[in-house]
Amino acid sequence: EIEERYGLTLSEVVEQIDNEHKVADRFIRPWRDQKRTYLKLLINQRKDPKMVGDTLMFSTHQTVLASLYKDRLDADWMYREEEDEDRADEVNALWEFDYDEMGKPEHDFDKYWDASFYGIGVEDWSHFDRESLTPIPVMWDPLSSYFDPKAIRINGNRLGNGAARFLGRDIGRTRSEMDNLGGYFNLDQLDEDEKAMEERKRNQQARDEARGTESGFDEIVKNKSYPLLQWFTFIKGKRLLIEAGNERQTIVRISPIRTKYWPLQEHRIYPDPHFLLTPGTPDFTEDKQRARAILQNNMLTAAKLDVLPMWLFDKNKIKNKQQLRDWKAGKWIEGENVDANSAFPLTKPSIHQFTDNLMQMMQLN
């Protein structure tokens with residue numbers, strides 16, 4: 001049936017997407033590793049409890065995100081002629097209804113979050129809700145996505161120049177999900193994809209380390225999720241959506257793209273006219289955050305020495321040296337031949353200005 005419909009065999013499809021995936025994977029792997037490191041620095045909940053973590057990356061990212069994001073519509077449809085006033089009111093009411101039905105405020109937040117942090121956010125507009133008659137945009141996880149190294153934009157310019165020849169992402173689907181969606185085949189041949197599982201584990205571990213969680217990995221048997229590669233590509237001049245498992249060797253879905261463009265849209269806050277992947281806020285702040293953290297921890301060490309400095313003592317005059325290791329207010333230390341006075345207080349240092357500056361700096365951060 002596939003051969004009759006598209007004029008190709010499954011072995012040809014496997015060979016092509018395997019070749020394209022290798023090119024895209026080699027291109028994106030160092031980029032992914034870098035972004036995973038940034039995730040750990042964003043909100044590092046597993047840092048050494050004795051150290052101070054700097055929040056420059058987080059505060060900059062949130063500032064950019066706040067400047068882009070709005071959780072409500074801020075424009076209205078206007079009528080040109082007086083008799084169109086009622087129609088404009090109806091369009092505005094429909095617009096607001098669709099905005100709520102789509103969950104657009106939440107979706108926009110995710111879109112701008114990815115664009116600010118990763119440098120790119122990718123929306124998939126393939127899905128549509130037949131009940132509310134509204135599209136269902138889906139955000140791709142940049143850490144699980146693959147891009148054409150030669151692409152400048154996903155759909156290129158108005159002439160189509162610089163468009164992606166292929167792109168895709170790692171996904172997981174359960175058997176019941178694939179049965180409900182329909183259009184799948186070869187499902188009995190699906191098995192665990194060890195390489196895909198390892199990549200998903202690295203992404204999950206990076207997020208776990210950033211947030212101090214330990215989700216482990218999915219060990220459910222009855223309703224397990226099969227790792228699949230979802231791939232958009234041209235085959236014999238036709239735009240196709242393909243899904244494959246078992247390290248891309250088992251094709252389980254082939255679906256035509258009925259538009260003359262990919263149903264995907266990229267969002268970038270620092271667009272480059274000649275390159276698809278552009279920098280995010282961590283690319284500009286990561287080195288400075290590390291430097292600030294080093295300085296703050298060195299200042300913290302100096303502040304501790306200011307409040308609790310090291311001391312030299314005469315071992316011939318202190319009888320019980322253990323008493324020196326336990327400092328507290330009102331404590332008496334036994335000694336011999338100290339001087340003619342029967343008792344006197346030990347001197348303590350005052351809090352220097354740089355210690356107070358450090359406290360204020362941490363409060364502002």
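None of the values given here were measured: they were computed from a predicted structure. Counting begins at 1 with the first residue of the sequence.
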Value rounded to 0.5 Å, distance of [atom1] in [X] from [atom2] in [Y]:
{"X": "Ser255", "Y": "Arg239", "atom1": "OG", "atom2": "CZ", "result": "14.0 Å"}
{"X": "Gln16", "Y": "Ile235", "atom1": "CD", "atom2": "CD1", "result": "4.5 Å"}
{"X": "Asp148", "Y": "Leu167", "atom1": "CG", "atom2": "CG", "result": "8.0 Å"}
{"X": "Phe58", "Y": "Thr63", "atom1": "CZ", "atom2": "OG1", "result": "9.5 Å"}
{"X": "Glu286", "Y": "Thr37", "atom1": "CD", "atom2": "OG1", "result": "8.0 Å"}
{"X": "Asp283", "Y": "Tyr38", "atom1": "CG", "atom2": "OH", "result": "4.0 Å"}

Got a sec: does the [atom1] of [X] have more than 12 other heavy atoms crowding it under 6.0 Å?
{"X": "Arg87", "atom1": "CZ", "result": "no"}
{"X": "Glu15", "atom1": "CD", "result": "no"}
{"X": "Trp125", "atom1": "CH2", "result": "yes"}
{"X": "Glu82", "atom1": "CD", "result": "no"}

Please evaluate residues Asp179 and Arg173 with respect to the criterion salt bridge (Lys or Arg N to Asp or Glu O under 4.0 Å), reporting the C-alpha separation (whole Å), side-chain torsions for both, the decisive distance (0.1 Å), and the verdict. CA-CA 10 Å; Asp179 289 337; Arg173 295 198 191 278; over 6 Å; no

Do Tyr79 and Asp86 have side-chain atoms, one donor and one acceptor, less than 3.5 Å apart?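 No, because no side-chain N or O of Tyr79 sits under 3.5 Å from a partner of the opposite role on Asp86.
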
Report yes or no: do Asp170 and Tyr146 form a side-chain donor-acceptor pair below 3.5 Å?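 Indeed, the side chains of Asp170 and Tyr146 share at least one donor-acceptor pair under 3.5 Å.
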
For [X] versus [Y], what's the shortest heavy-atom pair and its separation?
{"X": "Lys40", "Y": "Ala206", "result": "CG-O, 4.3 Å"}
{"X": "Ile17", "Y": "Arg248", "result": "CD1-O, 4.3 Å"}
{"X": "Ser126", "Y": "Pro263", "result": "OG-CG, 3.4 Å"}
{"X": "Ser132", "Y": "Glu101", "result": "CB-OE1, 3.4 Å"}
{"X": "Asp114", "Y": "Gly121", "result": "CB-CA, 3.9 Å"}
{"X": "Phe185", "Y": "Ile251", "result": "CE1-O, 3.2 Å"}

Flag yes if [X] and [Y] sit in one hydrophobic cluster, no otherwise; membership is Ile, Leu, Val, Met, Phe, Trp, Tyr, and two members link when side-chain heavy atoms are under 4.5 Å apart.
{"X": "Val138", "Y": "Ile154", "value": "no"}
{"X": "Phe166", "Y": "Ile152", "value": "no"}
{"X": "Trp31", "Y": "Phe284", "value": "yes"}
{"X": "Leu65", "Y": "Leu39", "value": "yes"}
{"X": "Trp95", "Y": "Phe97", "value": "no"}

Is any side-chain heavy atom of [Y] closer than 4.5 Å to one of [X]?
{"X": "Trp140", "Y": "Leu264", "result": "yes"}
{"X": "Pro137", "Y": "Met102", "result": "yes"}
{"X": "Leu41", "Y": "Thr285", "result": "no"}
{"X": "Leu181", "Y": "Arg253", "result": "no"}
{"X": "Pro142", "Y": "Phe117", "result": "no"}
{"X": "Leu42", "Y": "Pro282", "result": "no"}
{"X": "Phe109", "Y": "Glu106", "result": "no"}
{"X": "Arg169", "Y": "Val122", "result": "no"}

Tracing side-chain links under 4.5 Å among I, L, V, M, F, W and Y, which residues wind up in one group with Met139?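 Traced through the cluster, Met139 reaches no other member.
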
Pairs flagged by side-chain hydrogen bond (donor to acceptor under 3.5 Å, both in side chains) wherever residues 257-278 is involved - sequence neighbours left out: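 Only Glu123-His267, Arg153-Glu266 qualify under side-chain hydrogen bond (donor to acceptor under 3.5 Å, both in side chains).
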
Using 30° and 60° as the class limits, which term best fits the ring planes of His61 and Trp113: parallel, tilted or perpendicular?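 Perpendicular, since the angle between the ring planes exceeds 60°.
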
Thinking salt bridges, do [X] and [Y] make one under a 4.0 Å N-O criterion?
{"X": "Arg175", "Y": "Asp188", "value": "yes"}
{"X": "Asp100", "Y": "Arg72", "value": "no"}
{"X": "Asp287", "Y": "Arg290", "value": "no"}
{"X": "Lys22", "Y": "Asp25", "value": "no"}

Would you find a donor on one side and an acceptor on the other, under 3.5 Å apart, between the side chain of [X] and the backbone of [Y]?
{"X": "Asp129", "Y": "Thr134", "answer": "no"}
{"X": "Ser59", "Y": "Leu56", "answer": "yes"}
{"X": "Gln249", "Y": "Asn246", "answer": "no"}
{"X": "Arg32", "Y": "Ser145", "answer": "yes"}
{"X": "Thr281", "Y": "Ser116", "answer": "yes"}
{"X": "Asn92", "Y": "Asp76", "answer": "no"}

Mind running side-chain contact (heavy atoms from CB on, under 4.5 Å) on Ile254 and Leu10 for me, showing each step along the way? CA-CA 10 Å; Ile254 297 181; Leu10 291 184; 3.9 Å; yes

